[in-house]
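Take a look at the structure set out below.
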Amino acid sequence: QVQVVESGGGLAQAGGSLRLSCAASGGTFGRYVMGWFRQAPGKARELVAAISWSGGTRHYADSVQGRFTISRDNAKNTVSLQMNSLKPEETAVYYCAADRSVEVSTDPRKYDYWGQGTQVTVSS
């Protein structure tokens, strides 16, 4: 069983930055695709960014392309999401998730293990 724990959420002003971190344990981290999702009240959970085992493939939602960066450190079993130029509409709970599949997926149903989520609030 894989445990995933997020940290780094909080309050930021519009145009500001936050860095989210995710630590995984209990499995072979280097074999999991890792993803960051977010869910705002009343909305569906959506993929923000995902990264392949090696880090060689990264996928971003169109809305965050060029502003967010996902990275991973397989030696430390961590994945991070650097978020710059934040917008108020990006206020949501952000989740880290692990997928045992080979290919990077944008579908949250494909992800096997989830963290509890961390709140990100962007003020205008």
Side-chain angles (χ1 to χ4, degrees):
Q1 185 73 16
V2 175
Q3 290 79 45
V4 178
V5 179
E6 305 95 340
S7 61
L11 178 65
Q13 291 188 334
S17 299
L18 282 174
R19 185 177 181 87
L20 304 183
S21 295
C22 172
S25 61
T28 307
F29 180 79
R31 295 294 185 91
Y32 293 107
V33 168
M34 298 299 296
W36 283 99
F37 292 79
R38 66 188 178 192
Q39 188 167 20
K43 295 188 177 181
R45 190 168 297 189
E46 63 174 356
L47 179 78
V48 176
I51 188 167
S52 63
W53 299 355
S54 66
T57 299
R58 306 181 191 196
H59 177 88
Y60 295 96
D62 289 344
S63 60
V64 308
Q65 184 76 41
R67 298 186 296 117
F68 290 15
T69 302
I70 188 171
S71 60
R72 69 188 296 161
D73 185 337
N74 288 343
K76 297 181 178 179
N77 289 2
T78 59
V79 61
S80 298
L81 183 69
Q82 178 66 42
M83 305 186 294
N84 298 329
S85 302
L86 283 162
K87 303 175 181 180
E89 55 265 37
E90 294 178 313
T91 294
V93 177
Y94 284 68
Y95 297 90
C96 179
D99 178 8
R100 293 173 294 183
S101 302
V102 174
E103 295 184 354
V104 173
S105 174
T106 62
D107 186 347
R109 295 171 297 179
K110 295 291 184 68
Y111 286 74
D112 304 291
Y113 306 103
W114 291 83
Q116 295 290 329
T118 186
Q119 177 70 45
V120 171
T121 302
V122 184
S123 63
S124 57

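Computed from a predicted structure; not experimentally measured.
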Enumerate the salt bridge (charged side-chain N to carboxylate O under 4.0 Å, His left out) contacts for residues 23-41, please, sequence neighbours excluded, ordered by first and then second residue.
Arg38-Glu46, Arg38-Glu90
For residues Ser80 and Arg19, determine if any side-chain heavy atom of one lies less than 4.5 Å from a side-chain heavy atom of the other.
yes
For a quick test of reading the model, state the closest non-hydrogen atom pair linking Trp36 to Ser21 and the distance between them.
CH2-O, 3.6 Å
Heavy-atom closest pair, residues Arg72 and Gly30:
NH2-CA, 4.2 Å
Can you tell me if Arg100 uses its side chain to pair, donor with acceptor, with the backbone of Tyr113 under 3.5 Å?
no
Residue list, side-chain hydrogen bond (donor to acceptor under 3.5 Å, both in side chains) with Gln13, at least two apart or on another chain
none
Interatomic distance, Thr78 atom OG1 to Asp73 atom CG [nearest 0.5 angstrom]:
4.5 Å
Is the charged tip of Arg67 near the ring of Tyr60: under 6.0 Å from the six-membered ring centre and within 45° of its axis?
no
For the residue pair Leu18 and Gly10, what are the closest heavy atoms and their distance?
CD1-O, 3.9 Å
If you compare all heavy atoms of Glu103 against all heavy atoms of Val33, which two are closest, and at what distance to 0.1 Å?
O-CG2, 3.9 Å
Sub-3.5 Å donor-acceptor pair from the side chain of Arg58 to the main-chain atoms of Ile70, do we have one?
yes
Can you hop from Ile51 to Leu20 via hydrophobic side chains spaced under 4.5 Å?
yes
Minimum heavy-atom distance Glu6-Gly117, with the two atoms named:
OE1-N, 2.9 Å
Under 3.5 Å donor-acceptor, Tyr111 side chain and Cys96 backbone
no
With sequence neighbours excluded, tell me which residues meet side-chain hydrogen bond (donor to acceptor under 3.5 Å, both in side chains) with Asp107.
Arg109
Judged by atom type as modelled, is there a donor-acceptor pair below 3.5 Å linking the side chain of Thr118 to the main-chain atoms of Ser7?
no
Can you tell me if CD on Gln119 sees more than 12 non-hydrogen neighbours from other groups inside 6.0 Å?
yes
Do the non-hydrogen side-chain atoms of Cys22 and Val4 ever get within less than 4.5 Å of each other?
yes
Does the pair Tyr32 and Asn74 meet the rule for a side-chain contact (heavy atoms from CB on, under 4.5 Å), with working shown?
CA-CA 10 Å; Tyr32 293 107; Asn74 288 343; over 6 Å; no
Donor-acceptor pair, side chain of Gln39 and main chain of Ala92, under 3.5 angstrom:
no
Would a single hydrophobic cluster contain both Leu47 and Met83, if residues Ile, Leu, Val, Met, Phe, Trp and Tyr are joined by side-chain heavy-atom contacts under 4.5 Å?
no
Is it true that a side-chain atom of Asp99 and a backbone atom of Val104 form a donor plus acceptor pair closer than 3.5 Å?
no
Give the cluster check for Tyr94 versus Met34: same hydrophobic cluster or not, with ILVMFWY residues linked at side-chain heavy-atom distances below 4.5 Å.
yes
Which heavy atom of Leu81 sits nearest a heavy atom of Val48, and at what distance?
CD2-CG1, 4.1 Å
Should the ring pair Tyr95 and Trp114 be called parallel, tilted or perpendicular, given that the plane angle runs from 0 to 90° and is split at 30 and 60?
perpendicular
Is the closest side-chain heavy-atom distance between Lys76 and Phe29 below 4.5 Å?
no
Output the distance between atom OG (Ser63) and atom CD (Glu89), rounded to the nearest 0.5 Å.
9.0 Å
